[in-house]
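What follows is a set of notes on a single structure, which appears directly below.
Nothing fancy with the numbering, it's 1 onward along the sequence.
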Amino acid sequence: MDLTKQFFKYVSQNIFGLLGTSCYILADTYFIAQAAGTDGVTLLNLCLPIYNFIFAIGSMIALGSATRYAIAKAQNDARGQRYFSNAILCAVLASIPWMLAGVFAPGALLRLMGGDVGIVALGIPYARIFLLFTPFFMCNYIVSAFVRNDGDPSLAMVATLSGSLFNVVFDYIFMFPLGLGLAGAALATAVSPIISIAICSRHFFKKENTLQFVRQMPSARLLGQSCQLGVSGFVGELSSGVTTTVFNFLLLGLAGNVGVAAYGVVANFALVATAIFNGVAQGAQPLVSCCYGQNDRAGARKLLLLGSGTVLVLAAVLYAAVFGLTDTFVSWFNSENSLQMAQYAHTGMRMYFVGYFFAGFNIMAAGYLSAVNRPAEASVTSICRGMVAIVVCSLVLSAVFGMSGVWAAFPASELLTALLTLFLLRRKKAETA
């Protein structure tokens, strides 16, 4: 198949899959807003960084291991099989501290995220349930990434969408007809990755399957090799958590729980936007790695250009939708009709989403750098956008401009990262020439 056609096939299917994942978080937020009002949205926004950190670990192990596997497969290296088994085993081990926190200290974790007494009391059942299901969240990332890299992106998409649809439907069933409240929302979210894994498992019974589970002890060496290429995925996921945590503390100081609830609306739509651009980067990754493994540098560069053009078009469509429907989007999560929250969220949506014109390129470029075995540059780009730039910009701009400075921090940090990323890409090109 033509490389361009392959690109759009993999990217479109991966976008739909990741959109499903992010949309179930939107559904969570909507139902929780109806059940618990502003406090419920505040609680979910305090939990989002915990979700992000769990997903970041799963993403790092999954994307790094799957990329190593794809490169080895393109080079006909049978040792690539070990990456799949090692990824599953390491993810299970990495889940244990989170499960222990769910059993013994969910309240302490919520207090650490900034929750007051009322929010902590409301959120303990919710946090306990989703923390206990951490292994399934991480393993879902791994199974989906390997199935996609083994030439079955359609099944990975169907599995992810099915899990997300289950979550949306059972969010409602558990919360309202069965009367489980926030615990019901957590239970629906926790079961959805199990549905996705079960559907992805069909791939292992197909004759096209080349994946095998190898009986082995967990290998720190293989994990380290994988994490080198998975750092961009880790920081990409973690950046949402870092941003949310920093913004939550700044907004608590500037506007209290209402400010955090307003950011909760912005952050949930931002998850959808980030999923779209991660879909482009992760969809292109198997193809870029294959080109790299076959020493087809021209093909890899073509995929980078296709990805960059695609994210720019998607950013324009996304911002047009956000700008035209700002008040409608905000109203979905403002069940108490708080005028102050609506004003904060209105301004925040329109300022914050400008950043995706740069964020899309940064996510695509970091994914490309990992896929062509350039972990150092991928890490620099990802750490800049996910940690350094966003923290510095938010602290400086909020001190100078207050609430508007908080909203402007995301576009400013992504612009700075885009300039750095362009420099890294052009420097390598000049060195090669």
side-chain contact (heavy atoms from CB on, under 4.5 Å) assessment of Met99 paired with Leu131
CA-CA 5 Å; Met99 297 172 70; Leu131 286 168; over 6 Å; no

Under the criterion side-chain contact (heavy atoms from CB on, under 4.5 Å), I'd like the reasoning laid out for Asn209 against Val147: C-alpha separation, chi angles, the key distance, then a yes or no.
CA-CA 9 Å; Asn209 170 50; Val147 167; over 6 Å; no

Phe401/Trp407 under ring-ring contact (aromatic ring centres under 6.0 Å, His included): CA gap, chis, key distance, verdict
CA-CA 10 Å; Phe401 301 108; Trp407 304 131; over 10 Å; no

Applying side-chain contact (heavy atoms from CB on, under 4.5 Å) to Ile195 and Leu165, what does each step give before you reach the verdict?
CA-CA 10 Å; Ile195 304 296; Leu165 180 62; over 6 Å; no

Run the side-chain contact (heavy atoms from CB on, under 4.5 Å) check on Leu314 and Phe277 step by step: do they pass?
CA-CA 8 Å; Leu314 290 172; Phe277 298 116; 4.0 Å; yes

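Within the 6.0 Å centre-distance limit, the rings of Phe204 and Phe84 are counted as a close aromatic pair. Two rings, from Trp332 and Phe329, have their centers less than 6.0 Å apart. Taking the ring centroids of Tyr356 and Phe353, they lie under the 6.0 Å cut-off. For Tyr83 and Tyr69, the ring centers sit 6.0 Å or farther from each other.
In this structure, SG in Cys227 is found 10.0 Å from CD1 in Ile57, a value given to the nearest 0.5 Å. Here Leu425 contributes atom CG and Arg301 contributes atom CZ; the two are 6.5 Å apart, rounded to the nearest 0.5 Å. Atoms SG and CG, on Cys47 and Leu109 in that order, are 8.0 Å from each other to the nearest 0.5 Å. The CD1 atom of Ile142 sits 14.0 Å away from the CZ atom of Phe137 when rounded to the nearest 0.5 Å. Atom OH of residue Tyr368 and atom CG of residue Leu305 lie 8.5 Å apart, to the nearest 0.5 angstrom. For the atom pair Leu211 CG and Lys73 NZ, the distance stands at 7.5 Å (nearest 0.5 Å).
Annotation: side chain of Lys206 is in contact with side chain of Leu155 (closest heavy-atom distance under 4.5 Å). Between Arg350 and Tyr319 there is a side-chain heavy-atom pair separated by less than 4.5 Å. Using a 4.5 Å heavy-atom cutoff, the side chains of Pro411 and Met351 are not in contact. Counting heavy atoms from C-beta on, the side chains of Leu395 and Leu250 come closer than 4.5 Å. Looking at Thr310 and Phe8, their side chains come closer than 4.5 Å, going by heavy atoms from C-beta outward. Tyr10 places none of its side-chain heavy atoms less than 4.5 Å from the side chain of Lys5. Taking the side chain as every heavy atom from C-beta outward, Ile61 and Tyr141 never approach each other to under 4.5 Å. Side-chain contact between Val406 and Ser394 is absent, with no heavy-atom pair separated by less than 4.5 Å.
Side chain of Ser226 to backbone of Leu222: a donor-acceptor contact under 3.5 angstrom is found. Looking only at distances, a side-chain donor or acceptor of Asn362 sits under 3.5 Å from a matching main-chain atom of Ala418. Side-chain atoms of Gln81 come within 3.5 Å of backbone atoms of Thr210 as a donor-acceptor pair (strictly under, hydrogens ignored). Panel note: side chain Ser144, backbone Asn140; no donor-acceptor pair is recorded below 3.5 Å. Between the side chain of Thr381 and the backbone N or O of Ala378, no donor-acceptor pair lies under 3.5 Å. Side-chain atoms of Ser192 come within 3.5 Å of backbone N or O of Thr189 as a donor-acceptor pair. Between the side chain of Arg297 and the backbone N or O of Tyr292, no donor-acceptor pair lies under 3.5 Å. For the pair Glu377 (side chain) and Leu424 (backbone), a donor-acceptor distance under 3.5 Å is absent. Between the side chain of Ser413 and the main chain of Phe410, a donor-acceptor pair closer than 3.5 Å is present.
Smallest separation of non-hydrogen atoms from Arg148 and Pro153: CG-CB, 4.1 Å. Scanning all heavy atoms of the two residues, the minimum distance from Pro218 to Cys90 falls at CB-SG, 4.3 Å. Scanning both residues, Cys290 and Ala74, for their nearest heavy atoms gives O-CB, 4.0 Å. When all heavy atoms of Val258 and Gln340 are compared, the closest pair comes out as CG1-OE1, 4.0 Å. Of all heavy-atom pairs spanning Ala159 and Cys200, the tightest one is CB-SG, 3.6 Å. Counting all heavy atoms, side chain and backbone alike, Ala284 lies closest to Met364 at CB-CE, 4.0 Å.
Considering only residues two or more places apart in sequence or on other chains, Cys384 meets the side chain to side chain contact (heavy atoms under 4.5 Å, CB included) condition with Ala389, Thr417, Leu420. Not counting sequence neighbours, Lys302 has no partner by the salt bridge (charged side-chain N to carboxylate O under 4.0 Å, His left out) test. With sequence neighbours left out, Ala185 forms a side chain to side chain contact (heavy atoms under 4.5 Å, CB included) with Asp28, Ile32, Tyr126, Asp171, Met175.
Judged purely by distance below 3.5 Å, without hydrogens or angles, the side chains of Ser95 and Thr134 never pair a donor atom with an acceptor atom. No side-chain N or O of Asn86 forms a donor-acceptor pair with one of Ser219 less than 3.5 Å apart. A donor-acceptor contact closer than 3.5 angstrom is absent between the side chains of Gln343 and Thr347. A side-chain donor-acceptor contact under 3.5 Å links Gln285 and Thr67.
Classification of Asp152 and Arg202 as a salt-bridged pair fails, no side-chain N sitting under 4.0 Å from a carboxylate O.
By the 30° and 60° cut-offs, the orientation of the rings of Trp98 relative to Phe53 is tilted.
Around atom CZ of Phe136, no more than 12 heavy atoms belonging to other residues, nucleotides or ligands sit under 6.0 Å away. Open room surrounds OH on Tyr172; 12 or fewer heavy atoms of other groups in view lie less than 6.0 Å from it.
A side-chain contact (heavy atoms from CB on, under 4.5 Å) with Ser196 is found for exactly one of Thr160, Asn167, Leu161, namely Thr160.
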